[in-house]
Amino acid sequence: MTLVTEQDHAAWVETLTLTNFRNYESARLQVGARPVVLVGENGAGKTNILEAVSLLAPGQGLRRAAMPDLARQGGDGSWAVAAKVHAGDAEVAIGTGLPAGHYPSAAPGPGSRGPSRTVRIDGETQKSSAALADFLEMVWLTPALDGLFTGAAGDRRRFLDRLVVCFDPAHSTRANQFERAMRQRNRLLDEHGPRAPTLDAIERVLAETGVALAAGRLAAIDALKLTLSVRRDERGTSPFPWAAIALEGGLEDDLAAGAAVDVEDIYAGRLAEGRFRDARAGRTLEGPHRSDLSVTHGPKQMLAKFCSTGEQKALLVGLVLAHAEMLANRAAGAAPILLLDEIAAHLDVHRRAALFDELEALGSQAWMTGTDLMQFDAIRPHADVFRVTDGAISPVTD
């Protein structure tokens with residue numbers, strides 16, 4: 001690990017090398033700490049580069065893909081992403097990937113996503129990708145999130161949980177523990193009925209992890225509310241309006257009224273009482289997996305799901321920027337890396353200019369993709385710009 005002093009940014013990628021990753025047999029990018037713009041036709045591989053960057057942070061990346069699916073078609077099943085990153089006052093070598101021969105011989109079982117990726121930091125193999133949380137924080141926005149406010153509650157929970165992980169990397173571990181315990185409970189109810197002797201122990205695990213999940217989400221919501229209120233007061237009529245947010249769910253209501261240890265007992269009791277009901281339904285009907293994130297357009301006092309498509313996009317961008325600003329404030333001004341896929345496509349000229357101004361003020365290394373180079377004219381003098389063509393990357397210098 002080599003100490004550096006020439007950059008003020010706390011987190012940025014300097015070099016990125018892809019091997020047998022998605023549609024790239026081999027590719028390498030070298031950039032500065034400023035924004036990065038990737039332009040090219042649909043299907044050229046722009047989002048694949050953002051996905052590769054996202055794998056330098058904990059988790060499954062911005063597409064949440066199974067690890068074998070990241071390998072290039074026609075390859076041997078292996079893939080690798082390597083990078084030199086700047087984290088605080090240090091240069092760190094990060095590598096992650098999947099060796100050859102990891103395609104499963106049979107379909108994975110329920111809830112399984114296949115083999116885990118290997119992660120190395122400065123050449124040392126780590127137990128899991130959670131170790132990456134010590135170096136990089138990332139916030140991303142993709143077209144898949146455009147329907148966030150009108151889609152399923154599960155999409156909003158995943159959006160929120162990604163925010164929580166930036167505060168507490170162990171949140172993902174607790175979420176996985178809760179999911180495993182819930183699958184065990186559902187299976188026992190189905191195979192042995194509501195009087196299965198091990199249900200008490202499993203429901204205690206559900207109570208402990210479920211309440212911890214709800215508490216973590218509430219803490220993140222409270223922190224984001226504070227940042228949103230500051231942005232509202234400082235920016236007034238911003239092109240990205242402030243949002244009022246709330247977490248709706250039984251556990252969240254209980255936590256607002258009592259201590260976590262008491263809520264665990266209450267939730268365990270409800271699970272026990274609801275066994276016959278859940279057995280008939282074939283699933284667990286109460287818990288943090290049923291909670292929902294409520295978002296309201298602040299200036300209009302209208303639920304986001306009833307707003308126009310343009311207003312929803314502006315609200316979503318505002319939430320992502322607030323999230324990034326919140327993380328930067330927590331880290332004494334050190335902004336996270338931003339991954340903004342097709343960000344300019346549905347923003348008018350006024351909102352694009354406002355977005356670029358926000359990125360400059362934030363000081364984040366923002367990776368952005370688009371099909372039209374002209375949409376990035378305002379930021380081109382301050383960015384590293386590349387053209388992507390069917391798995392090939394070349395700098396734009398004109």
Side-chain angles (χ1 to χ4, degrees), residues 59-60 64-69 104-116 128 130 151-162 164-165 168-221 246-294:
Q60 296 173 317
R64 302 181 70 249
M67 295 298 104
D69 292 345
S105 57
S112 172
R113 301 188 63 85
S116 300
S128 73
D155 295 335
R156 290 184 288 278
R157 285 194 298 272
R158 282 190 291 271
F159 176 82
L160 175 59
D161 285 341
R162 179 66 196 170
V164 180
V165 167
D168 181 9
H171 183 78
S172 292
T173 299
R174 288 192 290 270
N176 291 335
Q177 290 172 339
F178 180 86
E179 290 291 335
R180 284 196 298 271
M182 186 168 60
R183 288 195 299 270
Q184 288 178 323
R185 179 177 184 267
N186 293 343
R187 186 170 59 251
L188 280 172
L189 289 173
D190 178 56
E191 296 176 355
H192 302 287
R195 294 185 176 85
T198 55
L199 280 171
D200 285 342
I202 292 174
E203 288 169 353
R204 176 51 57 179
V205 173
L206 281 173
E208 292 173 356
T209 56
V211 171
L213 286 177
R217 289 170 175 168
L218 285 172
I221 286 287
L247 191 56
E248 300 174 346
L251 288 184
E252 290 77 14
D253 292 343
D254 291 339
L255 283 168
V261 64
D262 295 328
V263 177
E264 288 179 11
D265 292 337
I266 293 170
Y267 182 34
R270 288 176 179 166
L271 288 170
E273 293 171 0
R275 289 174 186 174
F276 285 92
R277 175 201 63 192
D278 292 350
R280 289 191 298 269
R283 62 189 187 278
T284 300
L285 294 174
E286 185 171 354
H289 61 297
R290 308 276 291 184
S291 301
D292 197 1
L293 175 65
S294 172

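Between the side chain of R156 and the main chain of G151, a donor-acceptor pair closer than 3.5 Å is present. Between the side chain of D278 and the main chain of N186, no donor-acceptor pair closer than 3.5 Å is present. With hydrogens and angles disregarded, no donor-acceptor distance shorter than 3.5 Å links the side chain of R217 to the backbone of V164.
Between atom CG of residue D292 and atom CG of residue D155 there is a gap of 10.0 Å, rounded to the nearest 0.5 Å. Atoms CD and OG1, on E264 and T209 in that order, are 9.0 Å from each other to the nearest 0.5 Å. The CZ atom of R290 sits 6.0 Å away from atom CZ of R283, with the distance rounded to the nearest 0.5 Å. Between the CG atom of L271 and the CD1 atom of I266 there is a distance of 12.0 Å, given to the nearest 0.5 Å. Separation of atoms CD (E203) and CZ (R270) is listed at 13.5 Å; rounding is to 0.5 Å. To the nearest 0.5 Å, atom CZ of residue R157 and atom OG of residue S291 are 7.0 Å apart.
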Steps toward salt bridge (Lys or Arg N to Asp or Glu O under 4.0 Å) verdict (D190, R187): CA-CA 5 Å; D190 178 56; R187 186 170 59 251; over 6 Å; no
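Scanning all heavy atoms of the two residues, the minimum distance from Y267 to P288 falls at OH-CD, 4.0 Å. A pairwise comparison of heavy atoms in A214 and L255 identifies CB-CD1, 3.7 Å as the closest pair. In plain terms, the two heavy atoms of L293 and F159 that are nearest each other are CD2-CD2, 4.2 Å.
Shown are E286, Q184, R185; of these, the side chain to side chain contact (heavy atoms under 4.5 Å, CB included) with L206 is made only by R185.
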Please set out all donor-acceptor pairs under 3.5 angstrom arising from side-chain atoms of residues 193-202, sequence neighbours excluded.
from, atom 1, to, atom 2, distance (Å)
D200, OD1, R275, NH2, 2.6

Scan the side chains in residues 169-180 for donor-acceptor partners under 3.5 Å anywhere in the protein, sequence neighbours excluded, and list what turns up.
from, atom 1, to, atom 2, distance (Å)
H171, NE2, D161, OD1, 2.9
R174, NH2, D168, OD2, 2.3
N176, ND2, S172, O, 3.3

